[in-house]
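Here it is, the structure, as structure tokens.
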Protein chains: 2
Amino acid sequence: MGSLPRIGLDRSSPVPLYFQVAEQLERAIVDGALVPGDRIEAEIELAGSLGLSRPTLRQAIQVLVDKGMLVRKRGVGTQVVGAKIRRPFELTSLHDDLARTGQPAGTEVLSCAVVEADDEVGHELQVPPGSPVWSLERLRSVRDEPFALMRNYLPVDVVDLRGADLTALGLYELLRHGGVHLRVANQRIGARRAEAREARLLAERRGAPLVTMTRTAFDDAGRAVEHGDHLYRADRYTVELTLVDR
Amino acid sequence: MGSLPRIGLDRSSPVPLYFQVAEQLERAIVDGALVPGDRIEAEIELAGSLGLSRPTLRQAIQVLVDKGMLVRKRGVGTQVVGAKIRRPFELTSLHDDLARTGQPAGTEVLSCAVVEADDEVGHELQVPPGSPVWSLERLRSVRDEPFALMRNYLPVDVVDLRGADLTALGLYELLRHGGVHLRVANQRIGARRAEAREARLLAERRGAPLVTMTRTAFDDAGRAVEHGDHLYRADRYTVELTLVDR
DNA sequence: TAGTGGTCTAGACCACAAT
DNA sequence: TTGTGGTCTAGACCACTAC
């Protein structure tokens with residue numbers, strides 16, 4: 001049974017009040033000050049004690065409800081949920097133990113050039129076939145042990161990869177720095193046997209099981225920003241993710 | 001360039017007004033009456049023409065923004081996003097073409113009994129090891145071709161599987177009918193080679209690549225409701241899902 | 001400058017759960 | 001019956017975008 005630490009508000013801050021409250025509530029849950037099952041003070045009372053209107057406080061709580069961290073029940077109250085939440089777009093994680101313990105992943109750029117989009121890539125990126133798109137192929141490794149062979153396509157007007165240092169920055173990081181805000185992604189995960197070239201690059205045997213993932217990501221303007229087709233060594237990688245149903 | 005069909009409201013309905021609006025907006029997008037890039041009428045005007053207050057209309061739009069179907073931009077307006085959206089908990093899909101064209105999936109229940117939870121299952125379901133839990137094993141097929149071998153564990157106080165017809169109803173459907181509302185799930189997807197028993201049941205060769213998926217689902221009270229450990233034939237199945245970042 | 005969404009207030013009435 | 005969250009209203013002012 002935890003208790004909610006005092007919440008401080010800064011009305012001169014450009015950060016919205018509801019967001020200030022949501023941040024501090026989230027920290028209280030993440031830090032363990034509030035534990036699963038704990039009940040939050042009633043909306044009207046909490047709003048009153050913070051000097052906020054009820055809609056504003058509700059907005060704050062809604063943020064955490066949307067994240068799956070709080071549950072509201074009419075006639076009962078608002079409670080802390082017991083599941084661990086993982087954010088979308090941080091969903092990839094190495095199963096490799098060494099990676100878990102903080103080993104950095106290395107990146108080798110196999111190719112990076114502008115090519116003409118074929119039918120499939122054009123369709124996925126919502127550009128006419130034949131349009132110029134960046135084609136990027138990377139091999140990712142931990143401790144010189146490769147685990148992922150990744151191919152990405154990006155419209156040329158989304159980002160300029162000339163001179164970009166993809167060994168230091170992830171692709172999504174690079175996009176974010178370029179002002180692209182990812183919002184929605186459609187993704188397909190499956191498995192198949194490794195073919196000759198893939199096996200060689202991934203230091204596997206031919207026929208070894210690989211995890212396959214294709215993904216198309218859209219930014220906050222609804223524009224298709226990236227399409228990827230990736231292969232992972234099944235013994236070194238799993239996809240972990242959290243689903244939240246609203 | 002599509003246009004928004006007329007929206008009808010029923011103020012005597014128990015369905016909230018904002019939800020009525022959200023439903024009709026969503027249908028307009030799904031049906032294609034509104035296409036990606038289309039702009040919605042401004043909030044204040046749309047609210048006025050529907051006889052609603054602005055906060056209520058905002059709430060309706062927010063539902064679709066949360067689903068990733070609409071994008072709001074200050075100073076610009078509200079636009080339809082260009083991505084196809086898939087709901088969480090509906091993420092599984094057969095890669096088999098015949099299944100796509102409407103072939104029903106058959107289910108064979110291999111076992112269904114109450115057992116004592118081992119350490120892992122107890123941990124995942126948040127019950128003490130040794131607690132009674134339902135253990136369920138199913139083989140799913142299309143046109144007598146098996147594609148999934150699924151094992152599930154459920155706390156006995158969540159649902160009673162005695163006499164339940166799992167050949168007609170999916171497990172999640174059964175839970176929903178039992179008043180359980182799934183809300184959050186943590187999931188891990190990978191791949192490995194088929195072992196002897198798995199290969200036999202799935203009509204595969206030993207060593208064939210399988211998609212693996214483990215998942216723990218929580219209901220709207222934050223209670224662990226189901227833990228599953230599943231295997232899929234990689235040539236007949238992929239996992240498709242949509243990520244929405246908020 | 002005009003129009004958009006973002007935030008915030010101060011109430012009101014209702015449905016549901018616990019007692 | 002009491003207290004909870006769910007919904008809804010009618011405004012207000014602000015920040016940002018496009019022109």
Side-chain angles (χ1 to χ4, degrees), chain A residues 4 7 9-23 25 37-66 69-81 179 181 183 219-223 246, chain B residues 4 7 9-23 25 37-66 69-81 179 181 183 219-223 246:
Chain A
L4 181 60
I7 291 179
L9 295 180
D10 177 3
R11 284 190 174 266
S12 68
S13 164
V15 178
L17 294 172
Y18 81 89
F19 196 80
Q20 294 184 36
V21 176
E23 274 184 321
L25 273 175
D38 276 353
R39 266 201 18 223
I40 307 287
E41 201 180 350
E43 292 177 357
I44 300 182
E45 289 168 17
L46 191 49
S49 69
L50 291 175
L52 294 175
S53 69
R54 189 188 167 206
T56 299
L57 183 68
R58 270 185 73 80
Q59 195 176 1
I61 292 177
Q62 188 62 42
V63 172
L64 300 190
V65 171
D66 284 344
M69 305 178 75
L70 289 179
V71 168
R72 285 196 276 214
K73 279 189 191 167
R74 187 154 37 181
V76 178
T78 302
Q79 285 179 305
V80 178
V81 162
H181 301 102
R183 171 118 181 82
D219 71 1
D220 55 9
R223 177 178 57 157
R246 290 182 292 271
Chain B
L4 181 60
I7 291 179
L9 296 179
D10 178 4
R11 285 190 175 263
S12 68
S13 164
V15 178
L17 294 172
Y18 80 89
F19 196 80
Q20 294 184 35
V21 176
E23 273 183 322
L25 273 176
D38 276 353
R39 262 197 28 216
I40 306 289
E41 202 180 350
E43 291 179 357
I44 300 183
E45 289 168 19
L46 192 49
S49 69
L50 291 174
L52 294 174
S53 69
R54 189 186 166 204
T56 299
L57 183 68
R58 269 185 73 81
Q59 194 177 0
I61 292 177
Q62 187 62 43
V63 171
L64 300 190
V65 171
D66 284 344
M69 305 178 74
L70 290 180
V71 168
R72 284 197 277 214
K73 276 191 191 167
R74 185 155 36 182
V76 178
T78 302
Q79 284 180 304
V80 178
V81 168
H181 301 104
R183 173 115 182 84
D219 70 2
D220 55 9
R223 177 178 57 156
R246 286 182 297 271

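First the proteins, then the strands, lettered A, B, ... as listed; each starts at 1. Quick note: numbers below take in every heavy atom, side chains included, and nothing from hydrogens, waters or symmetry partners.
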Item checked: Under-4.0 Å side-chain N/O to phosphate OP1/OP2 contact, A:T78 with D:dG5 ->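 True: A:T78 side-chain N/O within range (under 4.0 Å) of D:dG5 OP1/OP2.
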Margin query: Side chains of B:Q20 and B:L9, heavy atoms from C-beta outward: is any pair under 4.5 Å?
Written below: yes
Check: If you look at every strand shown and take non-hydrogen atoms under 4.0 Å, does A:Q79 touch a base, only sugar-phosphate, or nothing?
Finding: nothing
Next item on the list: Answer with base, sugar-phosphate or nothing: what part of the nucleic acid does A:L17 contact at a heavy-atom distance below 4.0 Å?
Entry: sugar-phosphate
Check: Of B:G75 and A:V15, whose nearest nucleotide on DNA chain C comes first from the 5' end?
Finding: B:G75
Notebook entry, point to check: Any side-chain heavy atom of B:I40 sitting closer than 4.5 Å to one from B:L25?
Noted result: yes
Next item on the list: Report the nucleotide, chosen from D:dT4, C:dT9, D:dA18, that has the shortest atom-to-atom distance to any side-chain atom of B:V76.
Entry: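 So the nucleotide nearest the side chain must be D:dA18.
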Notebook entry, point to check: Looking at side-chain heavy atoms only, is the closest gap between B:I61 and B:L70 below 4.5 Å?
Noted result: yes
Notebook entry, point to check: Atom CD1 of B:I44 and atom P of C:dG3: how far apart are they, to the nearest Å?
Noted result: 11 Å
Margin query: Taking only side-chain N and O atoms of B:Y18, does any of them lie within less than 4.0 angstrom of OP1 or OP2 on D:dT7?
Written below: yes
Checklist line | Length of the CD-P vector between A:E45 and D:dT2, whole Å | finding: 16 Å
Next item on the list: Report the distance from atom CG of A:L50 to atom P of C:dT9, rounded to the nearest whole Å.
Entry: 11 Å
Next item on the list: Kindly say if A:R58 contacts the phosphate of D:dG6, meaning a side-chain N or O under 4.0 Å from OP1 or OP2.
Entry: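 True: A:R58 side-chain N/O within range (under 4.0 Å) of D:dG6 OP1/OP2.
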Check: Nearest-Å distance, CD1 (B:I40) to C1' (C:dG5)?
Finding: 14 Å
Item checked: Nucleotide nearest B:R74 (side chain, heavy atoms from C-beta), chosen from D:dG5, C:dG6, D:dT9 ->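 Between D:dG5, C:dG6, D:dT9, the one nearest the side chain of B:R74 would be C:dG6.
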Check: For C:dT9, does either OP1 or OP2 sit under 4.0 Å from a side-chain N or O belonging to A:R11?
Finding: yes
Item checked: Integer-rounded Å distance: D:dT7 P and B:D10 CG ->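 From B:D10 CG to D:dT7 P: 16 Å.
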Item checked: Check against side chain to side chain contact (heavy atoms under 4.5 Å, CB included), A:V65 and B:R183 -> CA-CA 10 Å; A:V65 171; B:R183 173 115 182 84; 3.8 Å; yes
Next item on the list: Please report, rounded to the nearest Å, how far the C1' atom of C:dT7 is from the CZ atom of A:R54.
Entry: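 The answer, rounded to whole Å, is 18 Å.
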Notebook entry, point to check: B:Q79 side chain to B:R72 main-chain N or O, any donor-acceptor pair under 3.5 Å?
Noted result: no
Checklist line | Phosphate OP1/OP2 of D:dT9 contacted by B:T56 side-chain N/O (<4.0 Å) | finding: yes
Item checked: Touch class at under 4.0 angstrom, heavy-atom based, for B:P55 against every strand present ->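 Base contact.
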Notebook entry, point to check: Separation of A:E43 atom CD from D:dG6 atom C1', in whole Å?
Noted result: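 Atom CD in A:E43 sits about 9 Å away from atom C1' in D:dG6.
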Item checked: Euclidean distance, atom CD of residue A:Q59 to atom P of D:dG6 [Å, nearest integer] ->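 Interatomic distance, CD of A:Q59 to P of D:dG6: 15 Å.
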